[in-house]
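In what follows, chains carry the letters A, B, and so on, assigned in the order in which the sequence lines appear, proteins first and then strands, with residues in each chain numbered from 1.
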There are 2 protein chains.
Amino acid sequence: MAAKHSDTRGKRSQRQYVPVQSAQPPHADPPLSLERIVTTAVELLDAEGVDGLKMRRLADRLGAGAMSLYWHVGSKEEVFDLALDLVIEYSGRPQVFEPEDWRDEAVHLLQDWRASMLRHPWSASLLSRRALGPNILNRLELLGKILSRAGVADADLNVAIWSLWNYVMGATITRASFDLSEDDRTAAQQRITRLSEHYPTIERSRLLLDSDWDGAFRKGLDFLLDGLAPGQKSCSR
Amino acid sequence: MAAKHSDTRGKRSQRQYVPVQSAQPPHADPPLSLERIVTTAVELLDAEGVDGLKMRRLADRLGAGAMSLYWHVGSKEEVFDLALDLVIEYSGRPQVFEPEDWRDEAVHLLQDWRASMLRHPWSASLLSRRALGPNILNRLELLGKILSRAGVADADLNVAIWSLWNYVMGATITRASFDLSEDDRTAAQQRITRLSEHYPTIERSRLLLDSDWDGAFRKGLDFLLDGLAPGQKSCSR
DNA sequence: ACCTGAACACCGTTCAAGT
DNA sequence: ACCTGAACACCGTTCAAGT
């Protein structure tokens with residue numbers, strides 16, 4: 001296979017990569033570490049999808065013996081959890097906001113959340129494994145802060161946070177799964193057309209073809225924010 | 001293992017079940033059929049979760065040889081797809097609505113959608129396999145009809161349908177994954193408390209403990225509907 | 001402390017037959 | 001047409017060692 005083999009951390013080392021096919025270069029690989037394992041797992045997942053991540057393959061990429069991973073990791077599940085959390089890291093935004101900027105901030109956080117996951121489409125399908133890694137918690141904390149500052153009462157905070165989380169996760173999963181296959185989508189829409197007596201409405205609306213995912217995401221998000229946060233720009237219509 | 005072995009279809013047959021351990025009762029099981037396979041798959045999934053569905057086990061439950069399934073089914077993936085669609089079947093509601101009932105109808109359809117999936121928690125984690133079975137399409141069609149009747153312009157229909165779908169799916173997945181484990185939730189919240197300097201907001205709001213999932217779902221749904229559909233009850237605040 | 005290969009248990013699926 | 005067992009390829013993980 002030997003797919004990307006991208007070099008993990010900048011550098012793009014000039015040295016070596018003389019095509020010595022025979023054995024692995026005996027000195028090259030840095031020592032195994034949790035960080036290297038997770039980074040490489042993300043690469044492998046990006047390249048081959050959820051089903052492509054196998055412990056042996058991962059070890060191969062790391063230039064390590066097949067079973068070496070288990071000293072660092074415990075189980076494959078754990079690799080999944082760590083990879084998911086890694087992908088969700090958030091650097092925040094430059095902290096130059098006025099108090100009324102809360103809405104922009106919220107939108108930015110949530111759009112970035114979705115975008116980060118869409119860059120790694122496998123991440124959406126791992127969500128159901130509930131794993132609250134530090135990066136996910138960090139995003140939730142930030143979201144809570146923003147909403148709180150926006151005037152959402154403590155009693156309403158959980159509802160607001162979960163509503164937004166739910167919406168973002170749903171949008172991400174849907175987008176990730178329906179976008180994998182342009183062809184499949186066309187095929188599905190054709191199937192619907194063939195059965196248009198049963199599904200006249202979604203046939204007419206070309207539901208599977210004419211979906212502006214990003215636009216739809218943004219619009220629904222605005223409606224939620226209108227409802228969840230008091231005053232300001234509510235009832236925009 | 002021999003877990004439940006519930007008897008598939010009502011009846012709870014009085015006859016037989018003399019403990020003949022030796023061989024399978026030679027006459028008992030009805031012939032294999034796609035319907036029986038899928039129904040039994042759902043039972044097995046309910047009992048053992050996604051990872052519990054193995055082809056051999058499924059065949060066992062059906063009193064069939066391990067490989068007999070493959071004449072009817074093609075692959076395990078297909079079993080998943082069919083099981084997911086089965087669970088989403090919708091009988092609609094008694095058709096006694098006035099034109100202005102659209103909102104109740106929409107809420108009912110969507111709440112029932114979520115409830116149906118929560119009755120089979122594994123279904124949420126299968127969603128990312130994009131499979132538009134007839135029952136899912138049927139729900140989408142109905143939703144489209146309701147919204148259309150409510151006055152949503154054709155041009156806005158896809159946005160409305162997808163926003164609602166996204167929200168419902170996200171809520172379902174979240175609920176399904178976070179509800180599996182009361183204990184885990186408490187443990188997670190404790191972990192957060194331990195790190196309360198990092199996560200003061202979600203610690204204060206007891207995000208993982210005090211979530212009224214059903215209430216939050218309903219509230220967010222209302223906000224979306226307020227925004228998506230013109231007039232009527234908009235700006236309820 | 002860190003890594004390893006051999007071996008085990010298990011699982012989806014192919015295949016060549018059976019009726 | 002429908003079902004079957006043997007067999008294959010593969011994969012996560014245990015274990016007893018190696019350094």
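- The separation between B/Leu58 atom CG and D/dT4 atom P is 13 Å, rounded to whole Å.
- Here the closest non-hydrogen pair linking A/Ser116 and A/Arg139 is OG-NH2, 3.4 Å.
- As a whole-Å value, the separation of A/Leu62 CG from C/dC3 C1' is 13 Å.
- Going from atom CG of B/Leu32 over to atom C1' of D/dT4 covers 12 Å, rounded to whole Å.
- Rounded to whole angstrom, the span from the CE atom of B/Met67 across to the C1' atom of C/dA17 amounts to 15 Å.
- Between C/dT4, C/dT13, D/dG12, one nucleotide has an atom nearer to the side chain of A/Tyr70 than all others, and that is D/dG12.
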Kindly determine whether A/Ser211 and B/Asn158 satisfy side chain to side chain donor-acceptor pair (under 3.5 Å), including the steps that lead there.
CA-CA 6 Å; A/Ser211 14; B/Asn158 286 348; 5.7 Å; no
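- Closest-nucleotide positions on DNA chain C for A/Arg56 and A/Gly65 were compared, and the one nearer the 5' end corresponds to A/Gly65.
- Cation-pi geometry between A/Arg114 and A/Phe217 is met: under 6.0 angstrom from the ring centre, within 45 degrees of the axis.
- Atom CE in A/Met55 sits about 14 Å away from atom P in C/dT4, given to the nearest Å.
- With C/dT4, C/dC3, C/dT14 as the candidates, the nucleotide lying closest to the side chain of A/His72 is C/dC3.
- B/Trp71 has its CH2 atom 13 Å from the P atom of D/dT4, to the nearest Å.
- Across all strands shown, D/dT4 forms a Watson-Crick or G-U wobble pair with C/dA16, both key distances being under 3.5 Å.
- D/dC11 is unpaired under the criterion used here, namely a Watson-Crick or G-U wobble arrangement in which both key atom distances are under 3.5 Å.
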Decide yes or no on salt bridge (Lys or Arg N to Asp or Glu O under 4.0 Å) for B/Asp214 and B/Arg175, but give the supporting numbers first.
CA-CA 9 Å; B/Asp214 297 348; B/Arg175 170 68 198 262; 3.1 Å; yes
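- Counting to the nearest Å, the C1' atom of D/dC11 and the CG atom of A/Asp60 are 13 Å from each other.
- Rounded to whole Å, atom C1' of D/dA9 lies 16 Å from atom CG of A/Asp51.
- Between A/Val50 and A/Ser125, the shortest heavy-atom distance links the atoms CG2-OG, 3.5 Å.
- Rounded to whole Å, the separation between the P atoms of D/dA17 and C/dC2 comes to 22 Å.
- Within the 4.0 angstrom heavy-atom criterion, only backbone atoms of the sugar-phosphate kind lie near A/Leu53; the bases stay farther away.
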